[in-house]
Amino acid sequence: MFMENTLLYGEKWEVPEEEYAIPFGEAEVARIGKDLTLIGWGAQHHQNLLAAEEVFKEQQIDVEVL
């Protein structure tokens with residue numbers, strides 16, 4: 001099965017030069033926080049990062065994003 005999110009077409013991010021993998025059973029912490037955790041994949045992950053920044057600016061809630 002191949003899954004892709006067409007909402008991400010045209011988006012650009014940095015890609016590591018070296019081989020990059022996250023082991024099963026572990027998560028990448030994209031943003032460190034202490035009050036709440038958001039978990040997402042694909043387009044939702046990027047929306048979670050934006051939401052975490054906005055909530056912190058508006059309500060000082062520190063959100064971790066995985």
Side-chain angles (χ1 to χ4, degrees):
M1 178 188 321
F2 181 79
M3 296 171 53
E4 61 183 86
N5 192 320
T6 57
L7 295 175
L8 295 178
Y9 285 5
E11 297 292 329
K12 295 181 181 185
W13 297 276
E14 291 185 29
V15 178
E17 293 289 330
E18 67 279 353
E19 184 174 335
Y20 179 77
I22 300 171
F24 285 110
E26 295 182 20
E28 176 186 11
V29 179
R31 184 181 191 283
I32 296 172
K34 61 179 176 49
D35 298 322
L36 180 70
T37 301
L38 296 176
I39 302 170
W41 169 82
Q44 182 186 31
H45 174 71
H46 301 288
Q47 292 171 345
N48 286 349
L49 286 169
L50 293 173
E53 292 297 327
E54 187 174 328
V55 168
F56 185 75
K57 287 178 186 175
E58 292 180 7
Q59 300 179 10
Q60 289 68 51
I61 297 173
D62 196 13
V63 180
E64 173 183 59
V65 178
L66 302 181

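Worth knowing before you read on, the calculation uses all heavy atoms, side chains too, and leaves out hydrogens, waters and symmetry mates.
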Asks: Report yes or no: do Leu36 and Val55 belong to one cluster of Ile/Leu/Val/Met/Phe/Trp/Tyr joined by side chain heavy-atom distances under 4.5 Å?
Replies: yes

Asks: In this structure, would Ile39 and Val29 fall into the same cluster of hydrophobic residues linked by side-chain contacts under 4.5 Å?
Replies: yes

Asks: Looking at Glu54, I'd like to know if its CD atom is crowded, meaning that more than 12 non-hydrogen atoms belonging to other residues, nucleotides or ligands lie closer than 6.0 Å.
Replies: no

Asks: Quick one: pull up OG1 in Thr37 and CG in Asp62 and give me the separation to the nearest 0.5 Å.
Replies: 10.0 Å

Asks: What is the distance from atom CG of Asn48 to atom CZ of Arg31, rounded to the nearest 0.5 Å?
Replies: 11.0 Å

Asks: Ignoring hydrogens, what is the shortest heavy-atom contact between His45 and Leu66? Give both atom names and the distance.
Replies: ND1-O, 3.6 Å

Asks: What do you reckon, is CD1 of Ile32 surrounded by more than 12 foreign heavy atoms closer than 6.0 Å?
Replies: no

